[in-house]
Number of protein chains: 2
Amino acid sequence: MYFINNKEYKCSVAVTLDIFNDRWKLAVIWHLLDNSKRFKDLHEDIAEITQKTLTVKLKELEEKNIINREVFPEVPPKVVYSLTPIGEQLKPVLKEMYKWGIKYVEDYGELTNDNLCDAEFKISK
Amino acid sequence: MYFINNKEYKCSVAVTLDIFNDRWKLAVIWHLLDNSKRFKDLHEDIAEITQKTLTVKLKELEEKNIINREVFPEVPPKVVYSLTPIGEQLKPVLKEMYKWGIKYVEDYGELTNDNLCDAEFKISK
DNA sequence: CTGGATCCTTTATGATACTG
DNA sequence: CAGTATCATAAAGGATCCAG
């Protein structure tokens, strides 16, 4: 039995699922795997998300100690997001998701070009 | 570039994230990892979900070829859900989520008893 | 026991405009 | 550039009742 902020979990997998039970958080992590990024860059990477939702998700991830937020006092402002150590450790999870996605597409989808994301770089090491 | 039902994905990880972007599907998979189960048993395993939502999620997973639904013509009815081959292959994903959850709790949570879920059994092999 | 049907609430996300 | 604020919508989920 686990407790996090007075919330109870029967199993550690429930902890993970509870944190990443929305549409975007893991996608954000994915795009931070290879590099720290500015807000703008993340927004370009994940074009389908709105600015507001991205802001919300980044804040949630920061509160859960999964990403760092670093502010540079410049004009115009510069804010850089990066993975914390525990955030870095999500790489195996995303690596397996990446591999599973390929298998799923092989069986039930269609491949038109090559993988366009630089996944090899992201999940290496 | 991938296509699944006329939907376009830049990366295979996006396929996986798009399928499992809700609160319950991966939890259902988790509870099917060790065994086929009846509707009732799944509902007991995941007590927080309502009957309706469980029904919806099972249907979605079946449509995506991730679980099988087998109906036994008995009275009262008996329906058994199990993982398809591609569903089985989600085990590494959940295994990594399980491991990450433990690390996260070690850093930011509290362990009161032992793991109560039979995770060892689920993710072995 | 399984799960459809209906109605309702909550939460997530989006669109748009605005600011230091 | 990196947000905030506001308003609006859609989607997910819940409660309840009912039926084969």
Side-chain angles (χ1 to χ4, degrees), chain A residues 5 7 9 14 16-32 35-64 66-83, chain B residues 4-5 7-9 14 16-32 35-64 66-83:
Chain A
N5 304 327
K7 200 167 170 186
Y9 300 92
T16 309
L17 291 175
D18 191 42
I19 292 177
F20 298 102
N21 66 1
D22 63 354
R23 188 138 59 195
W24 300 114
K25 285 201 212 83
L26 276 176
V28 170
I29 304 299
W30 172 256
H31 288 286
L32 286 176
N35 253 316
S36 301
K37 282 186 185 155
R38 300 181 63 164
F39 185 90
K40 171 189 63 129
D41 300 323
L42 276 172
H43 200 359
E44 283 168 12
D45 286 342
I46 317 175
E48 320 87 298
I49 199 175
T50 59
Q51 192 182 41
K52 178 198 153 191
T53 303
L54 179 55
T55 305
V56 169
K57 294 303 154 186
L58 287 168
K59 194 170 296 177
E60 288 174 0
L61 286 167
E62 193 196 358
E63 282 166 3
K64 295 177 195 309
I66 294 167
I67 64 172
N68 299 305
R69 179 174 185 273
E70 194 179 1
V71 182
F72 293 82
E74 304 174 6
V75 178
K78 175 177 171 183
V79 179
V80 172
Y81 293 94
S82 59
L83 296 175
Chain B
I4 299 177
N5 304 327
K7 200 166 169 185
E8 180 183 312
Y9 299 92
T16 310
L17 291 176
D18 191 44
I19 293 177
F20 298 103
N21 67 2
D22 63 353
R23 187 138 60 195
W24 299 113
K25 286 202 212 80
L26 276 177
V28 170
I29 305 299
W30 172 256
H31 287 287
L32 286 177
N35 254 314
S36 301
K37 282 187 185 156
R38 300 182 64 165
F39 185 89
K40 171 188 63 125
D41 298 324
L42 276 173
H43 201 359
E44 285 169 10
D45 285 344
I46 317 177
E48 321 87 298
I49 200 175
T50 59
Q51 192 181 45
K52 177 198 154 193
T53 302
L54 179 55
T55 304
V56 169
K57 295 303 155 185
L58 287 168
K59 193 171 295 174
E60 289 174 0
L61 285 167
E62 192 195 359
E63 282 166 3
K64 295 177 194 309
I66 294 167
I67 63 171
N68 299 304
R69 178 174 185 273
E70 194 181 0
V71 182
F72 293 81
E74 305 175 2
V75 178
K78 175 175 170 182
V79 179
V80 172
Y81 293 93
S82 59
L83 295 176

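Since this is a predicted model, take the numbers as computed values, not measurements. Per chain, numbering begins at 1; letters A, B, ... match sequence-line order.
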Identify whether any heavy atom of [X] sits under 4.0 Å from a base atom; if not, whether one sits that close to sugar-phosphate; answer base, sugar-phosphate or nothing.
X	answer
A:K59	sugar-phosphate
A:E48	sugar-phosphate
B:K57	sugar-phosphate

Which whole-number value in Å describes the distance from [X] [atom1] to [N] [atom2]?
X	N	atom1	atom2	answer
B:I46	D:dG13	CD1	P	12 Å
A:I49	C:dT13	CD1	P	7 Å
A:H43	D:dT4	NE2	P	14 Å
A:F20	C:dA12	CZ	C1'	17 Å
A:L54	C:dA12	CG	P	16 Å
B:I67	C:dT2	CD1	P	13 Å
A:L58	D:dA2	CG	P	11 Å
A:W24	C:dG14	CH2	C1'	11 Å

Closest to the [X] side chain, choosing from [options]:
X	options	answer
A:P76	D:dA2, C:dT2, D:dC1	D:dC1
A:R38	D:dT4, D:dC1, D:dG14	D:dC1
B:Q51	C:dG4, C:dG14, C:dT13	C:dG4
A:R23	C:dT13, D:dG13, D:dT4	C:dT13
A:T53	C:dT2, D:dA2, C:dG14	C:dG14
B:P77	D:dG13, D:dG14, D:dG20	D:dG20
A:K52	C:dG14, C:dC1, D:dA2	C:dG14
B:K40	C:dT2, D:dG3, D:dG14	C:dT2

Please tell me if the side chains of [X] and [Y] come closer than 4.5 Å, counting only heavy atoms from C-beta onward.
X	Y	result
A:N68	A:E62	no
B:L58	B:L42	yes
A:L61	A:F20	yes

- Is there a salt bridge (Lys or Arg N to Asp or Glu O under 4.0 Å) between B:R23 and A:D22 once you walk through the steps? CA-CA 7 Å; B:R23 187 138 60 195; A:D22 63 354; over 6 Å; no
- Item | First of A:T50 and B:D41 reached from the 5' end of DNA chain C, by closest nucleotide |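 Here B:D41 is the residue nearer the 5' end.
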- Message: With a cut-off of less than 4.0 Å, is there a side-chain N or O of B:Y81 near OP1 or OP2 of C:dC1?
- Response: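 For B:Y81, the contact criterion (side-chain N or O under 4.0 Å from OP1 or OP2 of C:dC1) is not met.
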- Report the C-alpha distance between A:D41 and A:R38 in whole Å, list the side-chain angles of each, state the deciding distance to 0.1 Å, and finish with yes or no for salt bridge (Lys or Arg N to Asp or Glu O under 4.0 Å). CA-CA 5 Å; A:D41 300 323; A:R38 300 181 63 164; 5.2 Å; no
- Looking at A:I67 and A:Y81, what are the two nearest heavy atoms and their distance?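 Minimum heavy-atom separation between A:I67 and A:Y81: CD1-CD2, 3.7 Å.
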- Query: Starting at the 5' end of DNA chain D and moving along, which residue's nearest nucleotide shows up first, B:D22 or A:R69?
  - Reply: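 Here A:R69 is the residue nearer the 5' end.
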